[in-house]
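So the structure is just underneath, and the comments pick up after that.
Letters go in sequence order (proteins before strands), and every chain restarts at 1.
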There are 2 protein chains.
Amino acid sequence: MDTDKLSSGTCAISRGLALVGDAWSALILRDASLGMTQFDQFRTSLGIAPNILSRRLKALTEAGVLEKRRYSERPPRDEYVLTQAGRDFLPILAAMGEWGRRYNGGGRALSHLVDDRTGQPIDAVVVDGNTGKPLRDTPMHLVMPTV
Amino acid sequence: MDTDKLSSGTCAISRGLALVGDAWSALILRDASLGMTQFDQFRTSLGIAPNILSRRLKALTEAGVLEKRRYSERPPRDEYVLTQAGRDFLPILAAMGEWGRRYNGGGRALSHLVDDRTGQPIDAVVVDGNTGKPLRDTPMHLVMPTV
DNA sequence: CCGAATCCACCTTGATACTG
DNA sequence: CAGTATCAAGGTGGATTCGG
């Protein structure tokens, strides 16, 4: 079971998994959510090797999470901006952070979402879309096609 | 940046990432949510090599998502059951499924949560815990320590 | 400034065979 | 039934160097 099979699979979950399975990708999304757009901004912020960064940016772009946009023709310059899909992925990362903090971490909110308008931390919780109730202590099971 | 640094990092998100980064793990969690407990059940259900399965089960156990319990002394037999942390992780996987379906997939709900009591599919959405509003179209950014 | 091309070391997967 | 041992093959991260 390689990454190709993962991202090309028919399962919707597997596409998300293929995305965040890599550690750098989450950090790139973080920086992108902070407004970073340029190759070298990411590179210096993360201390990542340029070829790796290039590979990740391409993967994230192909996944539809980032969009590559040319903002200068001479010299040719591209920038990477979050798409709607990319912005929608942030809450999922945040929910994962809440989970990790609840069961493994200390009380410190080392990773979290911040509302741009208020500057206040957001606590991301996964709820049942119909009832609005948190999906905790709900007896349930996961249905997933075999990849 | 290797997996060790990921799972041992101080960042809460990274622990979740290290978990689901592997494709098998999600499938194991699915089967566990369906009530599977034994080694060979997982093995035949997934068609996974025994050494790989062993490794995954150990990792998931150490991550606190599964619990290894001895249910027979002679012969010694262990079973793996979801912990509370493991059950709480299912909605996150489901949310990832919703995301993948929205932006990449067709309309078919290939992967989703099912309520054990009603048998009805649950749609998992990430909301702001304070306002209860879905975290979409909310201007926000992610804060994360560098791994 | 933004990458692509090379190259290497390592890790991990996964098949198979074997044991208690 | 529940794993461990061994080993081959391939993928991945990363340093470095070079081109547009």
How close or far is atom [atom2] of [N] from atom [atom1] of [X], stated in whole angstroms?
{"X": "B:I52", "N": "C:dC11", "atom1": "CD1", "atom2": "P", "result": "16 Å"}
{"X": "A:L53", "N": "D:dT12", "atom1": "CG", "atom2": "P", "result": "17 Å"}
{"X": "B:Q41", "N": "D:dC1", "atom1": "CD", "atom2": "P", "result": "9 Å"}
{"X": "B:D22", "N": "D:dT12", "atom1": "CG", "atom2": "C1'", "result": "15 Å"}
{"X": "B:D78", "N": "D:dC1", "atom1": "CG", "atom2": "C1'", "result": "11 Å"}
{"X": "A:D40", "N": "C:dA4", "atom1": "CG", "atom2": "P", "result": "14 Å"}
{"X": "B:L46", "N": "C:dA15", "atom1": "CG", "atom2": "C1'", "result": "17 Å"}
{"X": "B:E73", "N": "D:dA2", "atom1": "CD", "atom2": "C1'", "result": "15 Å"}

Shortest non-hydrogen contact between [X] and [Y], atoms and distance:
{"X": "A:E98", "Y": "A:I122", "answer": "OE2-O, 3.9 Å"}
{"X": "B:V126", "Y": "A:A124", "answer": "CG1-CB, 3.8 Å"}
{"X": "A:L27", "Y": "B:P145", "answer": "CD2-O, 4.0 Å"}
{"X": "A:T83", "Y": "A:L66", "answer": "CG2-C, 3.7 Å"}
{"X": "B:A32", "Y": "B:L82", "answer": "CB-CG, 3.8 Å"}
{"X": "B:T37", "Y": "B:Q41", "answer": "N-OE1, 3.0 Å"}

(message) I'd like to know if the side chain of A:W24 reaches the main chain of A:L53, judged simply by a donor and an acceptor atom lying under 3.5 Å from each other, with no hydrogens or angles considered.
(response)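 Not at all, since once roles are kept as given, no pair shorter than 3.5 Å links the two residues.
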(request) For A:D31 and A:F42, indicate whether the former's side chain and the latter's backbone hold a donor-acceptor pair under 3.5 Å. (result)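 No; zero donor-acceptor contacts below 3.5 Å.
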(request) Might you work through the side chain to side chain donor-acceptor pair (under 3.5 Å) test for B:D116 and A:H141, ending with a clear yes or no? (result) CA-CA 7 Å; B:D116 283 338; A:H141 64 270; 2.6 Å; yes
(request) Give A:Y80 one of three labels, base, sugar-phosphate or nothing, depending on what nucleic acid heavy atoms sit under 4.0 Å from its own. (result)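 Contact class for A:Y80: sugar-phosphate only.
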(request) Give A:F42 one of three labels, base, sugar-phosphate or nothing, depending on what nucleic acid heavy atoms sit under 4.0 Å from its own. (result)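 The residue A:F42 makes no contact with any strand.
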Using a cut-off of under 3.5 Å, enumerate the N/O to N/O pairs linking the protein to nucleotides 15-20 of chain D.
from, atom 1, to, atom 2, distance (Å)
D:dA15, N6, A:N51, ND2, 2.2

(message) Please pick, from D:dG3, C:dA4, C:dC2, the nucleotide with the shortest atom-to-atom distance to any side-chain atom of B:S54.
(response)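 For the B:S54 side chain, the nearest candidate turns out to be D:dG3.
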(request) When you get a sec, tell me which of D:dG3, D:dT4, C:dA4 is the closest nucleotide to the side chain of B:F39? (result)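 Of D:dG3, D:dT4, C:dA4, D:dG3 is nearest to the side chain of B:F39.
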(message) Which is more 5' along DNA chain D, the nucleotide nearest A:R55 or the one nearest B:Q38? Just name the residue.
(response)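 Whichever sits nearer the 5' end wins; that is B:Q38.
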(request) With a 4.0 Å heavy-atom cut-off, tell me which residues in residues 63-70 of chain A come close to DNA chain D, sorted by residue number. (result)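 Contacting residues: none.
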